[in-house]
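Here's the structure we're looking at; comments come further down.
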Amino acid sequence: MEYNFREIEAKWQSYWSRNQTFKANEKTDKPKYYVLDMFPYPSGAGLHVGHPLGYIASDIYARYKRHQGFHVLHPQGYDSFGLPAEQYAIQTGQHPAITTETNIATYRKQLDKIGFSFDWSREVRTSNPEYYKWTQWIFIQLFQSWYNSATNKAEDIETLVAIFEKSGNENVCAQAEDGIELFTADAWNGFSKQEQENILSKYRLTYLSDTEVNWCPELGTVLANDEIVNGVSERGGHPVVRKKMTQWSMRISAYAQRLLDGLEKLDWPQPLKDAQTNWIGRSQGASVKFAIENQEAQDVIEVFTTRPDTIFGVTFMTLAPEHDLVSKITTAAQKEEVEAYIEATAKRSERDRMADVKTISGAFTGAYALHPFTGEKIPIWIGDYVLASYGTGAVMAVPCGDQRDYNFAKHFQIDIKNIFEGVDVSEAACEDKTAKITNSDFLSGLSVKKATKLAIYEIEQRGFGKGKINYRLRDAVFSRQRYWGEPFPVYYKDGMPQMIAVEHLPIVLPEVEKYLPTATGEPPLGNADHWAWCTETNSIVSKEKINNETIWPMELNTMPGWAGSSWYFNRYMDPANDGAFVSKEAVNYWKEIDLYIGGSEHATGHLLYARFWQKFLFDRGHLPVDEFAKKLINQGMILGTSAFVYRLEGTQTFLSKGLIENQKVQAIHVDVSLVNSADELDIEAFKNHPMNKDFKEAIFKGEKGEIIDGVNDTYVVGREVEKMSKSKYNVVNPDAICEAYGADSLRLFEMFLGPLEQAKPWKTSGISGVHSFLKKMWKLYHHDNTFFVSEEKASKEELKILHKTIKKVQEDIENFSFNTSVSTFMIAVNELAALKCNKREILEPLLVLISPYAPHISEELWCKIGNKESIATASFPIFDANHLIESSKVYPISFNGKMRFTLELPLDFSKEEIEKKVLAHEKTQAQLEGRTPKKVIVVPGKIVNIVG
RNA sequence: GCCUUGGUGGCGGAAUUGGUAGACGCGCUGGAUUCAAAAUCCAGUUCUUUCGGGAGUGUGGGUUCGAUUCCCACCCAAGGUACCA
C-alpha cells in the first residue's frame, strides 16, 4: 500500500469541510485561544510559496492548542479594498468588485489545498457592505468623541459641550490643537452654531482640516512620500506639487503617550516595538517663547528644545522657511534675499531636502529676537534644516551644543558662545551631556541634569514657556481620492460635515462609469450620479436634486486601506452580527488575539492604527481590553532563487555558467521552472517559452564549451537569491508543490527551511528530504504493503524514543522553533524504523504529535488504527520523564583539581528524584566498569556531580 | 549617523542554564538492488595531517577547570529610521 498523498489529502480536506471540524463556538467551558494571521490582500497573481509560511505556523499552533484542550478561534478573511483592483478597473473598465471576487476565489482554492484548520464560517471581507457598515460606524463614533486628558480617555463630545457651557474652554484648551483661543461659558453660549462646530472640530477625534499633501495632477491623486522619487511620481514620472486639500484626519496624536506605554505589556518582537517607539518619537524638553524686537506682543517665536539648560548659549534663531512669521518680520533690506531663498527651497521636494544634509543654506531676516533672560538681541535666520512639520517649526540655535546649529553658525559666521566648562568648541559642538554648564547666569556650575530642571522651573516661573513633551507622531490623514474604498457616512450641510445616522448604514459605494477623477479634479465618486443625501427620506438620491434644503452633497473621498484592517480581528468573534460590530458576549469570551502572525512591514502602519482604534473603542466601552494582540510574531520572507542565462553581448550565443569568466555577457532571468535541481537548463523548453520568442534561433554552449546538440553537454544556469516576484521569474507556486509532493510535504518543508522569523531562500530540491520522511513514517504502519499495528506492550527503548520526542516537540512548538521539531520527527521515525516498532502504544501518540505539522497523513493513519473522531479532537500526549533517565549522557570533567562526572538529565526531575535515579544509574555504571560506586552530589541547576 | 537583529561545513541550519560543536536535511562520494533508470537501502562527508595528532563557531582581547554561549573592543551583513531641535 503506497502513500497516496493526493487521494489522502483530498479525502480529509473534504471531510473537515463537511463536518465543520474547525468551527469555533462560544458555548463551551474550555479556555479560549485566538490565533490569527494578518489577512491578505487578494492580488491577481495568487499565492506563491512565501505567502503560506505564516499561515502554516499559525495553523500548527492552532492545532496544537486544540490538542491541549483549548477552544481555538482561527479564522481567515480578506483585506479586499485596495489599489490594484482599482487600477485594473481604470485600464479595463471591469468593476473592482468582480476582480476582487475572482482573486478571492483563486486564493481560497489555493489555501484549501494546503489543509489549514481555518473556521471559514467566520470569513470577513473589508469590501462587503455588511462589514464596512461597521467601519463607517466606528468613524462616526470617532467623530462623536474627544480626548479628555483630565480623565485620560476618549469621551462623548457631549461631555465637552457641557464643560464649555459651564466654564468655557479654560481647563481644556491645553489639549486642543494650537490656534484655539480662550473663551468663557458666556462666550460659548453666544457663539453661532457654526462657530461652535468649528471649535468642536478642533477636539473631535476625526476632523476636517486643510492638510498639505503631495498632489499629482496627472494621476489625479494624492501620493504618499514614498511614492515620489526625485520630485516626480514613481509611477509614470509625473510632476508632483505640494497642495493644501481639505481632508479628514484621525487624531492619533491624542493617544501618543498611551500607545507608547501600552508597548510595555505586549509580547511583541523588540525591533517592532522599537520601530513604534521611534515612530511616536517622544522627546522631553521645554517650549520657550522669544519676543521679537519692534513687533507686537502676540508675535512671539515659540520654540521647542530638549536642552533648555543651554538657553544661555543661544546666539541666533532659525525658522523654517515656511514659518508664518517670516513674511511679517523680514526687514525691507533683507526682503529680496529671504524671498529668493524661500522660492528656492519650495522648489526642492521634502525628499531632496532630507537627502541633501551636507549643504548649508539659509538667509538672515534682518529681525532680532530678545533673549528671555538676558534681553540680548538675537538675529533671526531662516534655514531649511529646520522643518516646518516638526515641533513649532522654529529652533533656538545653540551652536556650542548642537552640531547642525554649529555648522550653520560657522557657515554664516555667527557667534559661537561656549557655555561648557573645560570643553573646546573651536572644532565641533559638544553634544554629550557630561559637561558642566558655565557662563550661564543662575545655571552656571550645574550638571546638565540639574540645569535642565532649574531652567524649566525658571522659564515657567517667569512665564516664558513651560516644560513640554513633544511627539513626532502626526495625525493621520484619512481621506483618499480613490474609488475602491469605504465611502464616508457623511454629507455636507452648508459646507459643514454631518454624520448620517447609524440606522441608515451602510452607505454603499455607488456605481460609477469611470474610476478616474472627474474633469474638475474631484475624486472618482464625483462621477456617481446617485450620490446626494436626502434628509427627509434619509436615503441616497440623485445628485441633480441637490437643493441645499433637504438634499445635500455627499463626501466624495473614500477611506484609506488601513480603515478596514484596524478592527477586523474583533469582527471574527461575531462576524454575522447586524446589530453591533461585535456582541458583548462574544468579545467578553474571546477578548483579544492571543497569537498574531504577520510581516514586520506593518510595524508603523496597520499595527499602530489598529492599536489606536482598539484603545478608542475600549475607552468608549465597546471593548473589554485596550490592546488587541497579546503576542505577535513576524514571519520572515521566503526568498526566491532566481536563475540566469548569460548571453554573449551583442550575439545570439548563450554561455553556460562555467564559461562566462572574462567574457562580456548579459545576465537574463530565466523561468525557474525550466531548470532542474542540478541547475541544468531545459533548452527546448526555454526556446518554446513565450517570454523567449527572440531566442528561437539562439546557440547554447555547455559547460564543456561545446555547442549543445542535446546529447553530450549541458547548459548550467547561474543562481541568485532575490525577493520572490513575477518579474524575476523565480516564483514557485504552492499548487505545483502540492501536486508533486503533497500538502503535508509542503507544510513540513516550509517549517524545515529555517527559523520562522528569518528570511530564507526557497530551494525546491530540499523537499525530497521531508517527503521521504513521510513515506518512512507511512511504512511504520504498514507491513508487506498491508496496514498493521501491533497491540504488544512497548519496550523501554521505544518509550524512551516516544517521550524524548514528546518533550522536544512540545518545547519547540511553545518556542515557535518549528524547524527543529521537524528534525525531531525524522530522528524518531528513523529510530523506530530501526527497531521495527509497530506498536500502537507508540504509534498512536506519535500521530498526535505530528498532526499539527502534517494533518492529512495523520488523519488517515489515525482513522486506520480505529479512531472514529478526527485527530483534531485528540489530546496531546503527556510527557513522562521517567522514560528518559537512561538516555542521560555521562562525561568526565575536571573541576577544582578533582575529577567529577557530569550527568545530563531532563529538568523535570525533582532533586530527590534525581538523587535516587542517579544513584541507581551510577551503581549499574560502576558495576559495568568494575569499580565501586561514587558519591552522588546533586547541584541545583543543570549539572549533577558524581564525586570520585 | 542612530536603533535592531544576525555572523557556525559546499548549502539551509542544530547545539537546554557555560559542559563531547556541526544534530536533521540538501548536495556530494562510494556501495547494494536493477538489463538500465527512477525509487529504495547501507556507509562516508568541518579542515588539515607524517594517521600520533593538530586547528576550528566573523576578528582581537578577557572571565572560567571548561566559552558558539558571558564581558569589552572592532569588522562585516541584513532590516528599520533620520537635518526630530
Side-chain angles (χ1 to χ4, degrees), chain A residues 2 269-279 281-283 285 303-308 310 317-318 320 350 353-360 383-387 389-398 401-405 407-408 470-473 600-601 603-604 634 636-637 641 677-679 719 721 748-749 752-755 757-773 775-776 779 807-808 811 815 817 819-828 830 833 889-907 940-943:
Chain A
E2 283 298 296
Q270 197 55 44
L272 198 150
K273 287 196 196 180
D274 291 342
Q276 291 209 348
T277 306
N278 290 337
W279 191 260
R282 178 190 149 114
S283 46
V303 300
F304 174 75
T305 174
T306 54
R307 297 290 302 275
T310 62
M317 311 283 291
T318 316
E350 203 158 312
R353 268 168 73 175
M354 285 181 203
D356 181 16
V357 185
K358 292 202 180 80
T359 319
I360 296 161
D384 68 2
Y385 79 97
V386 177
L387 304 178
S389 58
Y390 182 76
T392 56
V395 300
M396 60 174 223
V398 184
D402 182 290
Q403 195 57 46
R404 289 156 309 167
D405 295 344
N407 295 344
F408 195 87
N470 211 37
Y471 298 94
R472 198 180 79 99
L473 183 69
S600 57
E601 67 273 18
T604 52
N634 291 131
M637 212 188 316
T641 312
S677 58
D679 290 356
R719 292 285 197 175
V721 172
L748 282 170
F749 186 53
F752 188 66
L753 273 177
E757 291 168 87
Q758 247 172 54
K760 49 217 167 257
W762 176 272
K763 261 188 106 180
T764 303
S765 58
I767 203 168
S768 64
V770 291
H771 187 65
S772 58
F773 154 72
K775 284 196 272 192
K776 267 185 216 166
K779 275 190 192 157
K807 183 174 158 62
K808 185 70 165 63
E811 275 170 10
N815 297 324
S817 342
N819 53 330
T820 53
S821 41
V822 180
S823 302
T824 309
F825 291 133
M826 291 180 177
I827 294 166
N830 276 337
K889 287 184 282 186
V890 182
Y891 49 94
I893 54 167
S894 119
F895 188 35
N896 287 351
K898 285 181 193 169
M899 278 306 285
R900 293 183 181 206
F901 295 87
T902 296
L903 181 65
E904 281 191 333
L905 281 169
L907 297 175
K942 181 171 180 172
I943 295 171

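Within every chain, numbering begins at 1; the chains are lettered A, B, ... in the order of the sequence lines, protein sequences first and strands thereafter. The basis for the numbers below is simple: all heavy atoms, side chains too, and nothing from hydrogens, waters or symmetry mates.
- Looking at A:Asp405, its side chain does come within 3.5 Å of a backbone N or O of A:Val398 through a donor-acceptor pair.
- Comparing B:rA21 with B:rC26, their P atoms are spaced 26 Å from each other, to the whole Å.
- With a cut-off of 3.5 Å on both pairing distances, B:rU63 has no Watson-Crick or G-U wobble partner at all.
- Out of B:rA39, B:rC24, B:rC84, the shortest distance to the side chain of A:Leu387 is found at B:rC84.
- At a threshold of 4.5 Å between non-hydrogen side-chain atoms, the residues A:Leu748 and A:His771 do not count as touching.
- Not counting sequence neighbours, the partners of A:Asp402 by the salt bridge (Lys or Arg N to Asp or Glu O under 4.0 Å) test are A:Arg404.
- Rounded to a whole Å, the CZ atom of A:Phe749 is 9 Å from the C1' atom of B:rG25.
- Comparing the same atom, P, in B:rC2 and in B:rU16 gives a spacing of 32 Å after rounding to whole Å.
- Side-chain contact check for A:Lys776 versus A:Lys779: every heavy-atom pair is 4.5 Å or farther apart.
- A residue-by-residue look at A:Asn830 and A:Lys779 shows that A:Asn830 has its nearest nucleotide of RNA chain B further toward the 5' end.
- Rounded to whole Å, atom P of B:rA85 lies 5 Å from atom OH of A:Tyr390.
- Residues satisfying the side chain to side chain donor-acceptor pair (under 3.5 Å) test with A:Arg282, not counting sequence neighbours, are A:Gln257, A:Gln284.
- Look at B:rG56: it lacks any Watson-Crick or wobble partner with both distances under 3.5 angstrom.
- Of the candidate nucleotides B:rC83, B:rU81, B:rC24, B:rC24 has the atom lying nearest to any side-chain atom of A:Met826.
- The residue among A:Val770 and A:Ala394 whose nearest nucleotide of RNA chain B is located toward the 5' end is A:Val770.
- Rounded to an integer number of Å, the gap from A:Lys776 NZ to B:rC24 C1' is 11 Å.
- Between B:rC84 and A:Arg404, a contact under 4.0 Å exists linking OP1 or OP2 to a side-chain N or O.
- For B:rA67 and B:rC28, the P atoms lie 37 Å apart once the distance is rounded to whole Å.
- Considering only the side chain of A:Arg472, B:rU81 comes nearest among B:rU81, B:rG80, B:rA85.
- Rounded to the nearest Å, the gap between the C1' atom of B:rC3 and that of B:rG54 is 43 Å.
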For nucleotides 8-14 of chain B, tabulate all protein N/O to nucleotide N/O atom pairs closer than 3.5 Å, reporting atom names and distance.
from: B:rG12; atom 1: O2'; to: A:Leu753; atom 2: O; distance (Å): 2.5
from: B:rG13; atom 1: OP1; to: A:Gln758; atom 2: OE1; distance (Å): 3.3
from: B:rA14; atom 1: OP1; to: A:Asn819; atom 2: ND2; distance (Å): 3.2

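- With C1' as the reference atom, B:rC11 and B:rG27 are 7 Å apart, rounded to whole Å.
- One interatomic measurement links the two molecules: CG of A:Asn278 to C1' of B:rC84, which rounds to 11 Å at whole-angstrom precision.
- Partner assigned to B:rU16 is none, using Watson-Crick or G-U wobble distances below 3.5 angstrom.
- Between B:rG60 and B:rG10, the two C1' atoms lie 28 Å apart (nearest whole Å).
- A 3.5 Å limit on both hydrogen-bonding distances identifies B:rG80 as the Watson-Crick or G-U partner of B:rC2.
- For B:rG9, the glycosidic angle deviates from 0 by 90° or less, giving a syn base.
- When both distances must be under 3.5 Å, the Watson-Crick or G-U wobble mate of B:rG27 is B:rU45.
- Partners of A:Thr764 by side chain to side chain donor-acceptor pair (under 3.5 Å), not counting sequence neighbours, listed by chain and number: A:Trp762.
- If you take atom P in B:rA36 and the same atom in B:rG22, they sit 39 Å apart, rounded to whole Å.
- Every residue two or more places apart in sequence or in another chain was checked for a salt bridge (Lys or Arg N to Asp or Glu O under 4.0 Å) with A:Lys763, and none qualifies.
- Atom P of B:rU57 sits at a distance of 10 Å from the matching atom of B:rG9, rounded to the whole Å.
- Checked against side chain to side chain contact (heavy atoms under 4.5 Å, CB included), A:Ser768 has no partners two or more places apart in sequence or in another chain.
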